[in-house]
Structures are given as C-alpha cells and as structure tokens.
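Right, one structure below, let's go through it.
Heavy atoms only: backbone and side chains are in, while hydrogens, waters and symmetry mates are out. Everything quoted here is computed from the prediction, not taken from an experiment.
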Amino acid sequence: MELRRLPRRPRGSACEDGCTGVHSYTADDTRWCWAGAQRGRHAVDAERVAAPPPHLTARARGLDFWRAWTELEVVAKLTGTPVLALLQRQGLGAPTPPGIIVEHRREGEFHCCLGVKV
C-alpha cells in the first residue's frame with residue numbers, strides 16, 4: 001500500500017486536501033485520515049497502544065492485542081459487519097479473510113492498520 005503518513009486532526013476540523021472520508025477516530029477525539037483512499041475499498045483503524053484493552057476481550061491473552069483489534073476493525077469496515085459480531089463469530093487473531101489485504105504500522109504511540117479490498 002502506497003502511503004507516506006496518516007494525517008491527524010481534531011474531530012470537527014477540516015481534513016487535508018484529498019480527503020475522501022476514510023477515517024478512524026481515537027479515544028482522544030483525534031481523526032486519522034487516509035487521504036486519497038476510496039470509501040468501501042479502503043479502511044483504516046488507529047489505537048493508542050498504551051490504552052488498556054477493553055474488558056470484553058480479556059480472553060485474547062497471548063496476542064498482540066492492538067494489532068489484532070485494529071485488523072478486526074478494518075475487516076469489519078470493509079465487510080460491513082459490526083465488529084462485535086466478528087469478535088463473537090471468529091474471535092481475535094483470526095486470519096484475514098480472502099480478498100482483503102492489511103498492513104500494520106506504528107505511528108508514534110499508535111498502532112494503525114490499513115486495509116484494501118481486492
């Protein structure tokens with residue numbers, strides 16, 4: 001995936017030129033924008049790695065939690081499936097479904113996952 005960086009802006013402020021509405025919002029109300037991405041074909045999720053994992057995922061021991069969670073969020077966005085339905089159906093750490101390619105990266109204190117539907 002060709003991507004130099006993920007611009008960040010406070011929720012409610014204008015995105016950079018080229019924004020197509022492919023976003024992720026973190027708990028601190030920061031909007032991450034994947035400029036130039038196509039809605040429905042691309043997805044992004046970002047999470048602060050220092051944040052404690054949610055209680056409902058306590059069974060995910062032994063996994064890199066935020067890597068698995070951001071990937072699950074991206075798959076949910078690209079398949080139109082609620083993330084909690086995916087979590088219940090397949091759990092965390094399941095293989096990426098056919099037809100979806102993901103890339104993981106660190107952006108400072110955040111773990112980001114980018115996904116493309118092929």
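- Of all heavy-atom pairs between Ala46 and Cys112, the closest is CB-SG, 3.9 Å.
- Put simply, CH2 on Trp66 and CD on Glu73 are 9.0 Å apart, with the number rounded to the nearest 0.5 Å.
- Scanning both residues, Leu72 and Gly91, for their nearest heavy atoms gives CD1-O, 4.2 Å.
- With rounding to the nearest 0.5 Å, the separation of CD in Glu47 from CH2 in Trp69 is 8.0 Å.
- What you find for Pro82 and Ala76 is that their closest heavy atoms are C-CB, 4.4 Å.
- In this structure, Thr96 OG1 and Ile101 CD1 are separated by 10.0 Å, a value rounded to the nearest 0.5 Å.
- The two residues Val22 and His42 make their nearest non-hydrogen contact at CG1-O, 3.7 Å.
- The minimum heavy-atom distance between Phe110 and Val49, with the atom names listed, is C-CG1, 4.3 Å.
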Going through the distances and angles, do Leu86 and Val75 end up as a side-chain contact (heavy atoms from CB on, under 4.5 Å)? CA-CA 9 Å; Leu86 280 179; Val75 169; 3.8 Å; yes
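- Taking the six-membered ring wherever Trp is involved, the centroid distance between the rings of His23 and Trp32 does not fall below 6.0 Å.
- With Arg48 as the partner, the side chain to side chain donor-acceptor pair (under 3.5 Å) test is satisfied by one option alone out of Thr30, Thr26, Asp28: Asp28.
- Going from atom SG of Cys113 over to atom CD of Glu103 covers 8.5 Å, rounded to the nearest 0.5 Å.
- Of the possible donor and acceptor atoms, none in the side chain of Lys117 sits under 3.5 Å from a partner among the backbone N and O of Gly99.
- From Lys77, atom NZ reaches atom OG of Ser24 across 4.5 Å, with rounding to the nearest 0.5 Å.
- Of the options Arg105, His104, Glu71, a side-chain contact (heavy atoms from CB on, under 4.5 Å) to Leu114 is made by Arg105 and by none of the others.
- Following chains of ILVMFWY side-chain contacts shorter than 4.5 Å, one cannot reach Val74 starting from Tyr25, and the two form parts of different hydrophobic clusters.
- Sparse packing is recorded around CZ of Arg39, with 12 or fewer heavy atoms of other residues, nucleotides or ligands lying under 6.0 Å away.
- For the pair Leu78 and Gly115, the tightest heavy-atom approach, listed with the atom from each and the gap, is CD1-C, 3.8 Å.
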What do the steps show when you test Leu92 against Leu87 for side-chain contact (heavy atoms from CB on, under 4.5 Å), and what is the final call? CA-CA 6 Å; Leu92 282 175; Leu87 184 62; 3.8 Å; yes
